[in-house]
A.B. asks: 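One structure, as structure tokens, below. Some questions next.
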Amino acid sequence: MEISGKSLKTIGNQGDRMLSMGDKAPPFDLMSDSGKQVRLKDFAGKKVVLYFYPKDDTPGCTKEACAFRDEQGDFSKLDVVVLGVSLDSIKAHQGFKKKFNLPFALLCDTNAAVSKAYGVYKQKSMYGRLYWGIERTTFVINESGKIRAIFEKVKVDGHTRELLESLKN
């Protein structure tokens, strides 16, 4: 089942089960910051780092995006495509990308369909208030579309280095 960022239906192909290493990565079809559709199948034969983050232009998310930017050369040397995913709009992604000179695509999951399929759209709490949002998580998808690694509840400091080390093995 292809997941579209435009569709409003709830994705149930993974149920309540979290994805595991070795699972086939849920396909997606999302609009990017450039206004073009991006599909997982576009990257068949390549390794993909799909990182989910809560919100453009916030302190932790900015630090994470800039770390991916700063390590882009190392990801490229390993022939790895980096894609960022959040619930933000194309306009928000464009401003964020321009402000921090981000060299990779930011994908718009405005209805959370892909975030739900990957199991990263969760109930969170801040200052006693409950809300739904993305839990910072990174997936490494191998050349055949299977999940090679999952980094849950990512701590931004050192994450890209840790990711690069795992990609070298």
Side-chain angles (χ1 to χ4, degrees), residues 1-54 56 61 64-90 92-94 96-97 101-121 134-152 154 159-169:
M1 168 176 21
E2 187 107 341
I3 301 161
S4 171
K6 297 181 213 168
S7 166
L8 292 178
K9 68 181 181 180
T10 301
I11 305 303
N13 65 332
Q14 296 298 325
D16 291 329
R17 173 176 92 74
M18 276 297 294
L19 292 170
S20 300
M21 290 189 338
D23 286 349
K24 184 164 178 45
F28 58 79
D29 180 357
L30 293 172
M31 192 66 72
S32 75
D33 58 89
S34 68
K36 295 184 178 165
Q37 291 295 123
V38 174
R39 297 163 188 87
L40 180 58
K41 67 182 179 183
D42 297 339
F43 304 102
K46 291 193 165 276
K47 288 182 222 131
V48 175
V49 166
L50 188 65
Y51 85 95
F52 290 84
Y53 65 98
D56 288 342
C61 296
E64 182 177 28
C66 290
F68 275 109
R69 176 200 64 204
D70 296 347
E71 304 288 356
Q72 183 62 40
D74 290 336
F75 284 106
S76 294
K77 286 177 194 167
L78 296 172
D79 200 26
V80 174
V81 175
V82 174
L83 301 171
V85 181
S86 79
L87 306 177
D88 293 296
S89 68
I90 291 174
H93 278 340
Q94 288 170 338
F96 185 48
K97 186 170 183 169
N101 195 29
L102 304 176
F104 47 84
L106 299 176
L107 307 181
C108 304
D109 187 21
T110 54
N111 64 15
V114 175
S115 300
K116 289 174 184 174
Y118 277 80
V120 302
Y121 189 71
I134 290 178
E135 182 174 85
R136 193 181 310 277
T137 308
T138 301
F139 293 85
V140 177
I141 302 167
N142 71 14
E143 296 86 346
S144 59
K146 296 208 177 197
I147 296 172
R148 178 178 167 195
I150 302 171
F151 297 82
E152 297 178 65
V154 167
H159 177 56
T160 55
R161 284 272 118 220
E162 176 185 31
L163 197 49
L164 283 164
E165 286 305 311
S166 79
L167 286 162
K168 292 176 186 175
N169 298 327

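Computed from a predicted structure; not experimentally measured. Position 1 is the first residue of the sequence, and the numbers go up from there.
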A.B. asks: Passes side chain to side chain contact (heavy atoms under 4.5 Å, CB included), Phe28 versus Tyr118? Steps please.
C.D. replies: CA-CA 10 Å; Phe28 58 79; Tyr118 277 80; 4.0 Å; yes
A.B. asks: Check whether any side-chain heavy atom of Asp56 lies under 4.5 Å from a side-chain heavy atom of His93, and answer yes or no.
C.D. replies: yes
A.B. asks: With rounding to the nearest 0.5 Å, note down the distance linking CG in Leu102 to SG in Cys66.
C.D. replies: 6.0 Å
A.B. asks: Could you walk me through whether Lys46 and Glu143 pass the side chain to side chain contact (heavy atoms under 4.5 Å, CB included) check?
C.D. replies: CA-CA 5 Å; Lys46 291 193 165 276; Glu143 296 86 346; 5.6 Å; no
A.B. asks: Using only atom types and a distance under 3.5 Å, with no angle test, would you say the side chain of Ser89 pairs donor to acceptor with the backbone of Ala92?
C.D. replies: yes
A.B. asks: Within a strict 4.5 Å, meaning less than it, do heavy atoms of the Asp74 and Arg161 side chains meet?
C.D. replies: yes
A.B. asks: What distance do Asp88 atom CG and Leu106 atom CG have between them, rounded to the nearest 0.5 Å?
C.D. replies: 9.0 Å
A.B. asks: Looking only at non-hydrogen atoms, find the nearest pair between Cys61 and Phe96 and report the distance.
C.D. replies: O-CZ, 3.9 Å
A.B. asks: So Tyr51 and Val154, side chain to side chain contact (heavy atoms under 4.5 Å, CB included) or not? Walk me through it.
C.D. replies: CA-CA 10 Å; Tyr51 85 95; Val154 167; over 6 Å; no
A.B. asks: Side chains of Met31 and Lys36: does their closest heavy-atom pair fall under 4.5 Å?
C.D. replies: no
A.B. asks: What are the two closest heavy atoms between Val85 and Leu30, and how far apart are they?
C.D. replies: CG1-CD1, 4.3 Å
A.B. asks: Taking Gln94 for its side chain and Asp33 for its backbone only, find out whether a donor-acceptor pair lies under 3.5 Å.
C.D. replies: yes
A.B. asks: Nearest 0.5 Å, please: how far is NZ in Lys116 from CD1 in Ile134?
C.D. replies: 11.0 Å
A.B. asks: Enter the distance from Ile141:CD1 to Lys47:NZ here, rounded to the nearest 0.5 Å.
C.D. replies: 13.0 Å
A.B. asks: Closest heavy-atom contact between Asn101 and Arg69?
C.D. replies: O-CD, 3.3 Å
A.B. asks: Report the distance from atom OG of Ser86 to atom CZ of Arg136, rounding to the nearest 0.5 Å.
C.D. replies: 10.5 Å
A.B. asks: How about Val49 and Leu167: do any of their side-chain heavy atoms sit closer than 4.5 Å?
C.D. replies: yes
A.B. asks: If you compare all heavy atoms of Phe75 against all heavy atoms of Thr160, which two are closest, and at what distance to 0.1 Å?
C.D. replies: CZ-O, 4.2 Å
A.B. asks: What I'd like to find out is whether the side chain of Leu87 reaches to under 4.5 Å of the side chain of Thr110, using heavy atoms alone.
C.D. replies: no
A.B. asks: Testing the basics here: between Ala117 and Pro26, what is the closest heavy-atom pair and its distance to 0.1 Å?
C.D. replies: O-CG, 3.8 Å
A.B. asks: On a heavy-atom basis, which atom in Met21 and which in Arg148 lie closest, and how many Å separate them?
C.D. replies: SD-O, 3.3 Å
A.B. asks: Do Glu162 and Thr138 make a side-chain contact, defined as non-hydrogen atoms from C-beta onward lying under 4.5 Å apart?
C.D. replies: no
A.B. asks: Would you say the ring centers of Tyr121 and Phe52 fall short of 6.0 Å from each other?
C.D. replies: no
A.B. asks: For Val81 and Leu83, run side chain to side chain contact (heavy atoms under 4.5 Å, CB included): C-alpha distance rounded to whole Å, both residues' side-chain angles, the deciding distance at 0.1 Å, then the answer.
C.D. replies: CA-CA 7 Å; Val81 175; Leu83 301 171; 4.1 Å; yes
A.B. asks: Are side-chain heavy atoms of Pro27 and Arg39 found at a separation under 4.5 Å?
C.D. replies: no
A.B. asks: Side-chain contact test, heavy atoms from C-beta onward, threshold under 4.5 Å: evaluate it for Ser34 versus Lys97 and give yes or no.
C.D. replies: no
